Amino acid sequence: MKQIIILILITIPLGCWNNADPNKAVVYDLWKSFIEAHDDTTTCFPQWNEEDRLRWKQPDLISSEGFLTSNLYAYLNKVLEIRPENGVYVIRSMFYTPYNDDKAIFVLAITNHVVKKDKNGAFKIHNWIDYHTRKWQRKTIGLIDYCYYPEFQFNEKNAYAANQLIKLLHEKLDVNIPEHITQFIAPNVYEQQKMKGFDYLIGMGNEQGNSGGSFDKRNFIIYGDSVHGENYQHEIARLINPTYPNAHFLIIQGLSEYVNTSQKQFGLSHRAHYGRMKAWLDAHPDADLTDMDDKFYTMDNQTSPAYLVGKIVCHELFKKGGYQALKRALATGKDDSDFYGLLKNEIGIGKDNFNRWLRERIGLYSMEDIPPLQ
């Protein structure tokens, strides 16, 4: 459900920031100049701190990850608060767009950023996540630098298994792996968003079971939760994406579940999801699964067919041609015509018989498990 907040935006004169603390005016001007200069083609800004600029390819982590945030700065911004806290300044601001002929506004996000002085005495902007996690635990296992909330019971066995999956992706699928990967583990998705700096983000609170994560492909950061823990296989599989940016979405989505040893998604077994998919298809015999925009692929909010259709395709490719077939699939192209040409060449299934074949496979895997790739 869309959440619309009707507000009267009062423009606060710059001098008002000076009443109690003259630094607030400096912080406000710094933020304002950053917002005005921001665009999606630039990664480093003079307003941002040097440590982040050296550490991350895209230093502003809010702009480098998420379904909305890469374009967040294209919207209007309103500073809601500048407050001193623990020796730093916190900027709380709102990103919004006019709504209903400018009579109301549609709020997309409310964010927190930190501003503090650098070694030269100049104020610079910092990511909220480092401030939020300053008292969290940290541990490096193999390639992964973990940062996790204090109550989390870290399991090194799971962390080593995560490294083994990364090794498999590199050795078997030629996935380029950086020297280090960062993984944050928050209690749940809601706390994950708060950790990143979002007081509010459109869609926040509607997450399936409040469990999940995301992957920042620019900075190689995995954002995870306590359910998936140290070995978040679905998001580790996203390491494939930067190496194969033109792979068809069913191959990419499928691999993210094909490596999933738990055989579960959204709290249900894969077999149960295939059963739900079969029931939907039985009730919709005219649905054409060759149409990637068919209603089947958005059947409801409990099952995401694209992941598990992709898993079937990846499994059939692997049975026929092993890792070499999967590599060819990843390199083939993102267009549907490329996808169907690949299937025809690799397993003899073309667009003309894909619908029937896939329905049969969904029925089969509602009764037996597909073994994970590992």
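Owing to the predicted nature of the structure, the values given are computational and were not obtained by experimental measurement. Basis for what follows: all heavy atoms, side chains included, without hydrogens, waters or symmetry-related copies. Residue numbers count from 1 along this sequence.
Checking side-chain atoms of Asp300 against main-chain N and O of Thr303 turns up a donor-acceptor pair under 3.5 Å.
Note on Val79: it does not cluster hydrophobically with Trp128, by side-chain heavy-atom contacts below 4.5 Å among ILVMFWY residues. Cluster annotation: Leu281 is connected to Ile349 through the hydrophobic network of ILVMFWY side chains, with a link wherever side-chain heavy atoms come within less than 4.5 Å. Both Ile141 and Leu239 are part of a single hydrophobic cluster, where members link through side-chain heavy atoms under 4.5 Å apart.
For the residue pair Asn260 / Glu257, a side-chain donor-acceptor distance below 3.5 Å is found, with atom types taken as modelled. At a cut-off of 3.5 Å, with distance as the only test, no side-chain donor of Arg218 or Ser64 sits close to an acceptor on the other residue. With hydrogens and angles left out, the side-chain atoms of Thr290 and Asn355 include no donor and acceptor closer than 3.5 Å. Donor-acceptor pairing under 3.5 Å is lacking for the side chains of His248 and Asp335. Checked by atom type, the side-chain pair Gln265/Ser304 shows no donor-acceptor distance below 3.5 Å.
With Phe154 as the partner, the ring pair (Phe, Tyr, Trp, His ring centres under 6.0 Å) test is satisfied by one option alone out of Tyr146, Tyr149, Trp136: Tyr146. Of the candidates Ile251, Val175, Leu326, Ile240 forms a side-chain contact (heavy atoms from CB on, under 4.5 Å) with just one, namely Val175. The only option from His315, His234, His270 that meets the ring pair (Phe, Tyr, Trp, His ring centres under 6.0 Å) definition with Tyr258 turns out to be His315.
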Candidate pair Met94 and Ile105, rule side chain to side chain contact (heavy atoms under 4.5 Å, CB included), full reasoning | CA-CA 11 Å; Met94 175 177 67; Ile105 63 170; 3.7 Å; yes
Please test Arg55 against Glu51 for salt bridge (Lys or Arg N to Asp or Glu O under 4.0 Å), starting from the C-alpha separation and ending with a verdict.
-> CA-CA 6 Å; Arg55 181 182 179 189; Glu51 294 89 341; over 6 Å; no
Kindly determine whether Phe106 and Tyr96 satisfy ring pair (Phe, Tyr, Trp, His ring centres under 6.0 Å), including the steps that lead there.
-> CA-CA 6 Å; Phe106 184 62; Tyr96 67 97; over 10 Å; no
Between Tyr274 and Ile312, does a side chain to side chain contact (heavy atoms under 4.5 Å, CB included) hold up when you go through it step by step?
-> CA-CA 10 Å; Tyr274 285 124; Ile312 290 174; 3.5 Å; yes
Apply side-chain hydrogen bond (donor to acceptor under 3.5 Å, both in side chains) to the pair Glu235 and Ser214, showing each step before the final yes or no.
-> CA-CA 6 Å; Glu235 297 303 333; Ser214 58; 6.0 Å; no
After noting the C-alpha distance and the side-chain angles of Lys196 and Gln193, does the key distance pass the side-chain hydrogen bond (donor to acceptor under 3.5 Å, both in side chains) rule?
-> CA-CA 5 Å; Lys196 295 175 190 176; Gln193 302 292 37; 3.3 Å; yes
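Leu250 CG to Leu342 CG: the interatomic distance, rounded to the nearest 0.5 Å, is 11.0 Å. Between atom CD of residue Glu230 and atom NZ of residue Lys157 there is a gap of 12.0 Å, rounded to the nearest 0.5 Å. The line from NZ of Lys278 to CG of Leu364 is 11.5 Å long, rounded to the nearest 0.5 Å.
Using a cutoff of 4.0 Å between basic side-chain nitrogens and carboxylate oxygens, Lys334 and Asp338 are not scored as salt-bridged. Under a 4.0 Å N-O distance rule, the pair Lys139/Asp145 does not qualify as a salt bridge. By the 4.0 Å N-to-carboxylate-O rule, Glu36 lies close enough to Lys32 to be salt-bridged with it. By the 4.0 Å N-to-carboxylate-O rule, Lys320 lies too far from Glu316 to be salt-bridged with it. Electrostatic pairing of Arg238 and Asp216 does not count as a salt bridge here, judged by no charged N lying under 4.0 Å from a carboxylate O. Contact check on Glu346 versus Arg328 returns a salt bridge, with a Lys/Arg side-chain nitrogen under 4.0 Å from an Asp/Glu carboxylate oxygen.
Met292 has its side chain within reach of Tyr297: a pair of non-hydrogen atoms, C-beta onward, lies under 4.5 Å apart. Using a 4.5 Å heavy-atom threshold, the side chains of Asp118 and Phe123 count as separate. Val90 places none of its side-chain heavy atoms less than 4.5 Å from the side chain of Val115. Contact check for Leu330 versus Ile252: side-chain heavy atoms found under the 4.5 Å cut-off. In this structure, the side chains of Ser93 and Leu80 stay at 4.5 Å or more apart for every pair of heavy atoms. At a threshold of 4.5 Å between non-hydrogen side-chain atoms, the residues Trp56 and Ile221 count as touching. Using a 4.5 Å heavy-atom cutoff, the side chains of Arg276 and Gln302 are in contact. A heavy-atom distance below 4.5 Å is not found between the side chains of Val313 and Phe318.
Aromatic rings of Tyr73 and Phe34 (six-membered ring for Trp) have centroids within the 6.0 Å cut-off, being under it. Aromatic pair Phe184/Tyr148: centroids not less than 6.0 angstrom apart. Ring centroid separation for the pair Trp31 and Tyr28 does not come in under the 6.0 Å cut-off.
Of all heavy-atom pairs spanning Ala329 and Leu317, the tightest one is CB-CD1, 3.8 Å. In terms of heavy atoms, Leu143 sits closest to Ile166 at CD1-CG2, 3.8 Å. Closest of all the heavy-atom pairs between Leu168 and Tyr323 is CD1-OH, 3.7 Å. Nearest heavy-atom pair, Ser256 versus Ala237, reported as atom, atom and distance to 0.1 Å: CA-CB, 3.6 Å.
Atom NZ of Lys327 has more than 12 neighbouring heavy atoms from other residues, nucleotides or ligands inside a 6.0 Å radius. Annotation: Glu368, atom CD; neighbour count of heavy atoms from other residues, nucleotides and ligands within 6.0 Å is above 12. Surrounding CD of Glu50 are at most 12 heavy atoms belonging to other residues, nucleotides or ligands under 6.0 Å away.
Contacts of Lys124 classified as side chain to side chain donor-acceptor pair (under 3.5 Å), with partners at least two apart in sequence or in another chain: none. Legend: residues meeting side-chain contact (heavy atoms from CB on, under 4.5 Å) with Lys217, ordered by chain and number and at least two apart, are Phe215, Pro242.
Using cut-offs of 30° and 60° on the angle between ring planes, the pair Trp280 and Phe296 is tilted.
Because its NZ or CZ atom is both nearer than 6.0 Å to the ring centre of Tyr131 and within 45° of the ring axis, Arg134 counts as a cation-pi partner of that residue.
Within the structure, the ring-ring contact (aromatic ring centres under 6.0 Å, His included) test picks out no pair touching residues 159-180 (sequence neighbours left out).
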